[in-house]
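Notes to accompany the following structure.
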Number of protein chains: 2
Amino acid sequence: MKQETRQEEIIRVAAKLFKEKGYSAVTMRDLATAMNIKAASLYNHINSKQDILESIIISIAEKFTVGMTSVLASDATCIEKLKEIIALHVEISSQNIYGMAALNHDWMHLEAQLNHYKKLRSDYENDFKTILIEGVNSGEIIDIKPDVMMFSILTTLRSLYLWIPKKEDVNLKELTNNLNEILIKGVVK
Amino acid sequence: MKQETRQEEIIRVAAKLFKEKGYSAVTMRDLATAMNIKAASLYNHINSKQDILESIIISIAEKFTVGMTSVLASDATCIEKLKEIIALHVEISSQNIYGMAALNHDWMHLEAQLNHYKKLRSDYENDFKTILIEGVNSGEIIDIKPDVMMFSILTTLRSLYLWIPKKEDVNLKELTNNLNEILIKGVVK
DNA sequence: GTCTATATGGCGATAGAC
DNA sequence: GTCTATCGCCATATAGAC
């Protein structure tokens with residue numbers, strides 16, 4: 001395991017603060033206090049507050065892009081691909097609880113990287129929708145507007161970070177199985 | 001139709017700005033510019049920025065509480081109650097698109113009303129979970145952890161505000177029917 | 001690598017003229 | 001009801017000593 005650099009530590013602590021109050025409400029003084037140093041000292045390790053936000057959001061967004069590329073490359077059925085996407089979100093969310101909050105809530109505060117982020121997100125949603133449309137065409141899934149299905153499933157998956165940390169006894173494998181059931185087969189018996 | 005007061009207009013415009021950038025990133029000068037007046041003039045109609053946030057969040061949270069009370073009072077089946085809750089969220093979200101953003105993203109910036117809000121939310125989630133547990137016990141719905149089912153359904157419903165405004169041709173009745181299908185019966189054919 | 005001191009500017013909110 | 005002017009404070013970021 002590589003030793004965490006001071007820069008990485010700052011970004012990790014910043015993500016935690018961003019989850020609690022949001023990017024705009026967290027000051028460099030708050031971050032410095034959490035690091036037990038003075039605000040000016042932060043600037044020996046990072047260039048700006050904005051750079052911290054970029055590091056957090058873009059790195060996670062690119063993980064999702066890589067994951068989706070892998071899902072698309074498989075020749076699995078639509079339902080199997082959906083299960084792979086669910087597993088992808090559980091995996092990334094559980095390993096980036098704090099970063100997922102910034103990705104979901106603070107992406108609009110990106111500056112130089114805003115368009116890059118928006119393209120990654122838009123491409124991801126289009127790929128997701130394409131999988132659903134193929135499932136409708138092949139008769140695997142119900143013929144309801146793909147937009148509504150994608151919205152319903154994806155917002156649940158995007159909110160996982162809100163929920164995973166609350167249950168310390170949560171078993172990620174069991175959570176993934178439960179989500180497979182609920183999101184694909186519904187709750188009715 | 002009652003004429004909108006200047007105070008109500010300020011709160012409505014503020015909610016729209018809060019949706020775009022979040023409470024902390026919106027300044028009283030931004031709000032004044034959107035109202036075509038100077039920042040100081042706002043204070044003839046509102047007491048503080050914090051009061052605006054309280055007005056937006058608490059009024060909507062109380063609408064949900066009233067709606068849930070009505071659902072609990074009916075003697076419908078669990079599945080019917082779930083459908084009533086889905087309809088409640090579509091109704092409130094479509095009529096408070098901007099306010100729902102503040103409710104979801106900026107509740108942590110409440111000060112005096114923070115505990116009041118947290119109690120309303122917690123009670124709502126407990127009522128929701130109770131309905132699901134009754135459904136499991138009666139055999140109406142699958143025997144999966146009620147926490148996971150509630151999380152999955154409720155996060156989709158809480159995110160409706162993100163999605164409703166994007167589709168200008170969206171028919172709310174059709175959206176409600178589609179969500180009933182997807183959230184209760186899943187997407188598999 | 002951290003500190004103190006500081007530059008520069010924006011913040012919420014108030015006072016008082018019109 | 002809106003304005004100009006301003007208060008007191010806090011923001012991000014930099015300079016330079018240690």
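In what follows, every chain begins at residue 1, and chains take the letters A, B, ... in the order their sequences are listed. A quick note: this is a predicted structure, and the numbers were derived from the prediction, not measured.
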Practice item. Hey, can you tell me if B/W163 and A/F151 have their rings parallel, tilted or perpendicular (30° and 60° cut-offs)? Key: parallel
Check your understanding: Counting only side-chain N and O atoms of A/T27, is one of them less than 4.0 Å from OP1 or OP2 of D/dA11?
Key -> yes
Review point. Separation of A/D30 atom CG from D/dT12 atom C1', in whole Å?
Key: 13 Å
Check your understanding: Linking I/L/V/M/F/W/Y whenever their side-chain heavy atoms sit closer than 4.5 Å, directly or via other members, would A/V148 and A/I133 fall into one cluster?
Key -> no
Review point. Between A/Y43 and D/dA13, is there a side-chain N or O to OP1/OP2 distance below 4.0 Å?
Key: yes
Review point. What is the distance from CG of B/L42 to P of D/dG1, rounded to the nearest Å?
Key: 13 Å
Review point. Quick one: A/L31 CG to D/dA11 C1', roughly how many Å, whole number?
Key: 14 Å
Point to revise | B/Y23 or A/K38, whichever maps to the more 5' nucleotide of DNA chain C | key: A/K38
Review point. How close do A/A61 and A/L103 get, heavy atom to heavy atom, and via which atoms?
Key: N-CD1, 3.9 Å
Practice item. Indicate if B/Y161 and B/I60 have the same hydrophobic cluster label, given that clusters are the connected sets of ILVMFWY residues with side-chain heavy-atom separations under 4.5 angstrom. Key: yes
Study note, to complete from the structure: Considering only heavy side-chain atoms of B/M28, the closest of D/dA15, D/dT12, C/dA13 is C/dA13
Check your understanding: Would you find a donor on one side and an acceptor on the other, under 3.5 Å apart, between the side chain of A/N177 and the backbone of A/E174?
Key -> no
In residues 179-189 of chain B, what donor-acceptor pairs under 3.5 Å come from side-chain atoms, sequence neighbours left out?
unit_1, atom_1, unit_2, atom_2, d
B/E181, OE2, B/K185, NZ, 3.4

Check your understanding: How close or far is atom P of D/dT4 from atom CD1 of B/I37, stated in whole angstroms?
Key -> 12 Å
Review point. Closest to the B/K49 side chain: D/dA13, D/dT4, C/dA13?
Key: C/dA13
Study note, to complete from the structure: Under a 4.0 Å heavy-atom cutoff, the residues of residues 107-114 of chain B touching DNA chain D are none
**Study point:** Distance below 4.0 Å between B/S41 side-chain N/O and D/dG1 OP1 or OP2
**Key:** no
Study note, to complete from the structure: Of the candidates C/dC3, D/dA13, C/dC11, the side chain of A/S48 sits closest to D/dA13
**Study point:** Under-3.5 Å donor-acceptor pair between B/R29 side chain and C/dG10 base
**Key:** no
Review point. Are A/L114 and A/L120 connected in a single hydrophobic cluster, I mean Ile/Leu/Val/Met/Phe/Trp/Tyr linked by side-chain heavy atoms less than 4.5 Å apart?
Key: no
Practice item. Using whole Å, report how far NZ of B/K21 lies from C1' of C/dG10. Key: 12 Å
Check your understanding: Rounded to whole angstroms, how far apart are CD on B/Q50 and P on C/dC11?
Key -> 18 Å
